[in-house]
Amino acid sequence: MNAPAPTLSDLVTGPVLEGDDPRVAAEVAGFNTAHTPRPALVVGATCAGDVAVAVRWAAAHGLRVSVQSTGHGLISDLAGTVLVTTRRMSGVVVDPVSRSARVGAGVRWAQVIEAAAPYGLAPLSGSSSAVGVVGYTLGGGLGPLARRYGFAADHVRSVQLVTAAGEVRHVDAIGDPELFWALRGGKGNFGIVTEIEFGLVPVATLYGGGIFFPGAAASDVLHAYRTWVDTLPEETTTSIALLRLPPLPTLPEPLRGQFVVHLRVAHLGSADEGAALLAPMRAVAAPLMDLVAEMPYAAVDSIHMDPTDPMPTWDRGATLRALPAEAVDALLAVAGPDVQVPLIMVELRHLGGAVARPPRVPGAVAGRDAAFSLLALGPMAGPLAETMPAITQAVIDRMAPWAGRGALLNFLGQAGPDRVAALWDDADRARLLAVRRALDPGSVFSPGHALPR
């Protein structure tokens, strides 16, 4: 008598959950609650072997594969896919001699920051340490040290990748330079990264934080900001945001229910040097709160003060090639304090410096030639769920006269394959598509920011 064929549950170490299993909701919960994942099957991977088995099983059954770590990049409901969750792959190894870290696919930046700090090292993490390492990095990775050190993707040394054929591959610049180029900027279009190795930088402290200005000073602050950034050295990375804050008791009293302008600063240098650089902005208007000071890198989240609780949001991004006075006026006209619009945030991140320079090992990160990144974000709750896409797009459209090519991939927001592909010039787009089609000819993978099939 023949033994029954092994099921997927027999072949992987982690849990395998059907779509109607009550445990699915907790397994697939992400940061952006505007989307509720509804995969056909969930595999809670514990290692690269689990991922490889899940991919081969899905391909054999004619199903596409999605992947999720923290859910910060969730932009669809993942219907009909086999969703591989990587949160159990949480290993972190720091090598202080080579100034590098090797981490599993489920690791968040907070874990890397904590592990690197005793050696006076830091990763090129983003504005929130709650974000997962892999998706952030493969999409480029723009953080508070970007103008000094460039994109996080520029510092990747190798990745472990599960291909559409269910093979586990080590990918680096020597063994597979074309795939290595595509992965660093092309995000999840080429397989599932199960481990990533990247360089760390010698940063233990910085002069940074945020200054909150009242909404009435928005015009003066933004106009001052657009000229001030031209005076900054590469050691200084900044951003500025128009925020409509809710009247929550968890917010500091001066900020509750207010429209504020939030200037964010990270300076790699002494406090005296940083204060001298910041003095022109401090003189523009009396702040509601000034929280800029010398800090350990471990406190980097306090610069942007990104929310940590899951919420339903919709965002749309673009890049700007310049920010003249007319552009500031246009932004205020569509999102400033005198406009009744239900946006949570409209943000400008200053680029240039190391961001603009090609890395030592070429990669596919788009947007290097931009001067600023622009992001509009709003709530997707109740009736706003129907109108928010148009509201955020209106901000992007209003800034079109100064727009660059598309957006930074991680800040693109919800977009179809054609809009994703438009981020690159013709030559780089052709290279990316060639790698994708060679590696995944059957379109097994269903990434959030997908290139055309």
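Along the sequence shown, residues are numbered consecutively beginning with 1.
One N or O on the side chain of R147 and one on the backbone of P233 form a donor-acceptor pair closer than 3.5 Å. In this structure, the side chain of Y136 engages the main chain of S125 through a donor-acceptor pair within 3.5 Å. For R226 (side chain) and A327 (main-chain N/O), no donor-acceptor pair under 3.5 Å exists by modelled atom type. Between the R316 side chain and the Q414 main chain, a donor and an acceptor come within less than 3.5 Å of each other. Judged by distance alone, the side chain of R64 and the main-chain N or O of F445 form a donor-acceptor pair under 3.5 Å. Remark: the backbone N or O of Y149 is paired with a side-chain donor or acceptor of H155 at under 3.5 angstrom. Looking at W228, its side chain does come within 3.5 Å of a backbone N or O of L277 through a donor-acceptor pair. Of the possible donor and acceptor atoms, none in the side chain of R244 sits under 3.5 Å from a partner among the backbone N and O of F259. Panel note: side chain N189, backbone L451; a donor-acceptor pair is recorded below 3.5 Å. Remark: the backbone N or O of A421 is paired with a side-chain donor or acceptor of R429 at under 3.5 angstrom.
Distance check, rounded to the nearest 0.5 Å: CE of M305 to CG of L255 gives 7.0 Å. Between D154 atom CG and R360 atom CZ the span is 10.5 Å, to the nearest 0.5 Å. Note that CG of L433 is 11.0 Å distant from CG of D428, once rounded to the nearest 0.5 Å. Interatomic distance, L288 CG to F213 CZ, rounded to the nearest 0.5 Å: 9.0 Å. Once rounded to the nearest 0.5 Å, the distance linking CD1 of I196 with OG of S158 reads 8.0 Å. With values rounded to the nearest 0.5 angstrom, L161 atom CG is found 12.0 Å from E195 atom CD.
Legend: residues meeting side-chain contact (heavy atoms from CB on, under 4.5 Å) with P441, ordered by chain and number and at least two apart, are absent. Not counting sequence neighbours, the partners of R87 by the side-chain contact (heavy atoms from CB on, under 4.5 Å) test are E27, Q68.
Between Y297 and W109, the distance from one ring center to the other does not fall under 6.0 angstrom.
L409 is listed as a side-chain neighbour of V420, based on a closest heavy-atom distance under 4.5 Å. A heavy-atom distance below 4.5 Å is not found between the side chains of F31 and T313. T392 has its side chain out of reach of I396: every pair of non-hydrogen atoms, C-beta onward, lies at least 4.5 Å apart. Residues F411 and L374 form no side-chain contact, since every pair of their non-hydrogen atoms from C-beta on lies 4.5 Å or further apart. R169 is listed as a side-chain neighbour of L179, based on a closest heavy-atom distance under 4.5 Å. Residues Y119 and L200 have side chains not in contact (no heavy-atom distance under 4.5 Å, counting atoms from C-beta outward). Residues L263 and V261 have side chains not in contact (no heavy-atom distance under 4.5 Å, counting atoms from C-beta outward). For the pair F212 and L291, the minimum side-chain heavy-atom distance is below 4.5 Å.
Nearest heavy atoms, V94 versus A116: CG2-N, 4.1 Å. Shown here for A354 and A146, the closest heavy-atom pair between the two residues is CB-O, 3.9 Å. Looking at every heavy atom in both residues, A130 comes nearest to T70 through O-CG2, 3.9 Å. The shortest non-hydrogen separation linking L348 to Y225 is O-OH, 4.3 Å. The nearest pair of heavy atoms linking G188 to P447 is O-CB, 3.4 Å. Here the shortest heavy-atom pairing between I113 and S129 reads CD1-CB, 3.9 Å.
Tested against H267 for a side chain to side chain donor-acceptor pair (under 3.5 Å), the candidates E235, E294, E273 yield a single pass: E273.
In I174, the CD1 atom is not crowded: 12 or fewer heavy atoms of neighbouring residues, nucleotides or ligands sit closer than 6.0 Å. Heavy atoms of other residues, nucleotides or ligands lying less than 6.0 angstrom from CD of E178 number more than 12. Counting non-hydrogen atoms of other residues, nucleotides and ligands closer than 6.0 Å to CZ of R102 gives a total of 12 or fewer. Heavy-atom neighbours of R99 CZ from other residues, nucleotides or ligands within 6.0 Å: at or below the threshold of 12.
For the residue pair R264/S239, the side-chain donor-acceptor check at 3.5 Å is satisfied. For H449 and N410, the side-chain atoms include no donor-acceptor pair closer than 3.5 Å.
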